[in-house]
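Chain letters run A, B, ... following the sequence lines, proteins first, then strands; residues in each count from 1.
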Amino acid sequence: MPELPQDHPPVLRVAIDVPLHRLFDYAAPETIAPEALKPGQRLAVPFGSTQKIAYLVGVEEVSEVSRKQLKPVTRILDQAPLLAPDDLRLLHWAARYYHHPLGEVFAAAFPVGLRQGKAAILDLPIRYVLTDAGRALDSAGLHRAPKQKQLLEALQNSPNGLSEEQLAAVENWRPALKQLLAKDWVKIGDGDMPADAALPLIKGTPIECNPEQSAAISEVCDGLGRFGVFLLEGVTGSGKTEVYMQIIREVLERGQQVLVLLPEITLTPQLENRFRQRFAVNIAVSHSKLTDTQRQTAWLSMQQGVCSILLGTRSALFTPLPRPGLIILDEEHDTSFKQQEGFRFSARDVAIVRGKLLNIPVVLGSATPSLESLYNAQSGRYRWLQLPNRAGNASAPRVRLLDIRNKALHEGISAALLAEIRQTLDKNEQVLLFLNRRGFAPTLICHDCGWVARCAHCDANLVIHFREQKLRCHHCAGEQPIVKFCPSCTGSTLTPLGLGTERVEQVLPTLFPGKTVIRLDRDTTQRKGSLEKYLRQINEGQADIILGTQMLAKGHHFPNVTLVAILDTDSGLYSIDFHSAEKLAQMIVQVIGRAGREDKPGTVILQTRHPEHPLLTTLIREGYNGFARQALDERRAAALPPFSHQALLRVQASDAFRPKVFLEEVKKLAGKLQAGETLILGPVAAPMAKRAGLYRYQLLFQDVNRQALQQLLDSLTPAIDKMKKEKHLRWSLDVDPVDLY
DNA sequence: AGCACGCCGACT
DNA sequence: GTCGGCGTGCTC
């Protein structure tokens with residue numbers, strides 16, 4: 001028993017999940033040996049009048065707080081830290097870089113249950129496995145019972161067995177499984193899920209690769225075991241997934257784990273299935289549609305090394321990896337990798353820092369890389385791997401700008417486009433229409449007096465939702481029934497103005513009688529599984545016209561679509577946010593990737609009133625890389641990111657004047673504090689000056705020198721915290737903002 | 001963020 | 001008389 005110095009029991013410095021830029025000290029329990037205390041352990045502590053979960057940051061000799069003010073820790077929750085030292089380093093780095101309270105950063109790294117103090121016990125769901133008889137059975141004999149045959153084959157492909165959740169991939173699986181159980185071909189698996197080391201790794205056969213794919217695979221594989229960032233730029237259909245899988249195979253053969261991060265909407269079961277067909281290892285999945293328990297299971301199964309692959313979204317980034325081998329971040333340009341509230345981290349940027357700390361490669365994949373990543377690739381900081389060719393025989397679609405100046409539009413569709421759609425439908429091929437606005441119409445206007453239905457809480461018009469007969473604000477929870485008479489002049493000529501997906505959906509059947517229309521937007525895909533259902537219907541040919549918002553463009557494949565049109569191309573052309581050109585170009589290229597597969601060449605039509613706009617003409621003439629070159633030149637000339645670094649300080653309050661006054665004070669203070677020459681722009685009203693009843697202002701900091709900006713923010717944030725004492729106001733700092741709204 | 005303390009308006 | 005509104009301040 002080591003000696004416990006009673007006069008100087010150690011001080012435990014902890015981070016707590018509260019929005020305070022400060023740590024708290026506690027007295028260590030007298031019965032515990034100091035060696036048993038390691039940073040990262042979760043503790044239960046008294047905090048104010050409640051109990052909270054705390055994360056041990058360090059064991060100190062002394063505290064700035066007097067000894068008798070230190071409360072004792074209630075309980076130590078983890079015998080050993082759940083996070084490795086490198087991951088703790090990562091959290092410290094992120095808290096500093098994003099100027100976010102360490103306790104909240106720690107909280108973001110843990111699943112909800114562990115955040116609340118639940119025991120870190122891996123509770124695996126029950127699995128069904130084949131009996132010897134079931135394993136020996138030829139599934140062909142079950143052709144009269146297709147569900148049973150499907151389940152049996154799935155189980156024969158999964159030596160580890162399958163959970164109920166996985167079996168649910170077969171519709172109405174329960175009765176069929178009951179039969180298999182009754183026939184003694186299937187039993188409930190006993191004991192733990194077998195550890196991966198004991199398993200064969202691969203079962204599917206790799207697809208043969210073209211030279212570019214092979215080159216990419218071997219470059220990354222040569223880099224395994226040390227840090228490096230690879231930008232894998234592959235046009236749609238160039239076989240990026242196959243490249244990922246063959247690299248992953250190598251990592252698995254080294255006995256290491258792989259973290260695959262995907263944007264929220266792309267996380268389709270298709271990708272998971274491809275992985276499960278190829279690899280026999282245990283695969284964990286984590287995204288927002290799962291329950292907290294399921295996500296905790298995924299986290300712990302990686303943490304304990306039971307699974308070797310994790311497919312997850314942004315929040316899965318911090319999952320512990322005892323045998324880290326590789327991080328892949330697919331669709332790296334996607335802005336859903338940036339958390340937009342609270343701890344505003346970029347999963348892409350933090351993934352790179354994590355790769356560096358773990359000394360493993362990071363692969364960023366995209367058909368339309370962000371300008372930041374392209375710049376890093378061009379300047380040699382990242383290795384640039386390009387897959388310029390579509391795999392197989394697929395030919396690139398024809399892209400055309402359709403000038404709609406002075407052209408009559410029928411519900412947003414020009415006569416020329418109408419004719420193209422008819423032709424395509426006549427050939428029994430599918431049409432995809434994009435309109436980036438949901439609802440029926442974005443405005444309800446009175447013909448007599450010009451009154452417009454506006455949200456009482458936001459600087460925004462109310463959007464008409466025809467089916468529900470509601471006027472709804474897309475920026476807050478506000479909604480009301482559609483008014484029949486003008487509240488201003490009592491006139492009855494209220495007219496919907498503008499276009500939404502719902503309105504186009506209504507008119508399409510009259511334009512194309514007998515054709516089936518499927519609308520895909522946030523309103524039609526809210527229910528769990530409905531997006532998957534629609535996607536299946538589309539690919540089974542049960543739809544002629546697919547109409548939707550941008551969510552359609554992301555990662556879904558529609559092999560029978562040969563005509564794609566963007567109805568409202570121009571809406572992204574002239575925006576105050578300099579990111580919008582990049583986002584529009586990425587969207588257009590992603591859309592182009594939806595058209596034409598295999599033997600059927602596709603056509604893409606962009607309706608525009610600005611057919612000479614350089615963004616559009618360059619994009620079409622020279623492709624995404626031509627656009628990117630031009631856009632980077634413009635960014636360089638204007639000293640915008642990636643040629644400078646930004647941070648956006650947002651303030652909101654229910655009082656209309658306070659935010660501006662407050663930010664003016666901050667600006668004055670920042671001018672005094674700074675030693676360098678950080679540009680301070682503003683304060684200006686946020687593009688939507690009032691939202692959900694709160695008035696919003698912002699102040700933009702910009703500097704070519706990241707260090708200087710970082711230092712200014714370091715000294716400024718505590719000062720802001722003190723100033724805030726004059727209440728009634730909330731502020732947040734967004735480092736590297738991707739959305740200036 | 002919670003939560004308690006505190007000081008002014010309409011209720012049994 | 002007091003129940004409760006949410007403004008203010010604190011959390012080792």
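Using a 4.0 Å heavy-atom cutoff across all strands shown, A:R13 reaches no nucleic acid atom at all. Among the atoms of the strands shown, base atoms are found under 4.0 Å from some heavy atom of A:F47. Here A:L20 lies in heavy-atom contact (under 4.0 Å) with a base.
Atom NZ of A:K667 sits in a crowded spot, with more than 12 heavy atoms from other residues, nucleotides or ligands closer than 6.0 Å.
When the options A:E332, A:K583, A:E582, A:H333 are evaluated for a side chain to side chain donor-acceptor pair (under 3.5 Å) with A:S370, the one that passes is A:E332.
Aromatic ring centroids of A:F110 and A:W299 lie under 6.0 Å apart.
In this structure, A:W93 and A:Y98 have perpendicular ring planes: the angle between them is above 60°, well past the 30° mark.
Between A:R730 and the phosphate of B:dA1, there is a side-chain N or O to OP1/OP2 separation shorter than 4.0 Å.
Side chain to side chain, A:Q711 and A:Q707 fail the donor-acceptor criterion of an N or O pair below 3.5 Å. For the residue pair A:D577/A:S575, the side-chain donor-acceptor check at 3.5 Å is not satisfied.
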Between protein and nucleic acid, restricted to nucleotides 3-7 of chain B and to nitrogen or oxygen atoms under 3.5 Å apart, what atom pairs and distances do you find?
| from | atom 1 | to | atom 2 | distance (Å) |
| --- | --- | --- | --- | --- |
| B:dC3 | O3' | A:S49 | OG | 2.9 |

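Whole-Å rounding puts the A:K52 NZ to C:dC10 P distance at 18 Å. To the nearest angstrom, C1' of B:dG2 lies 15 Å from CD of A:Q116.
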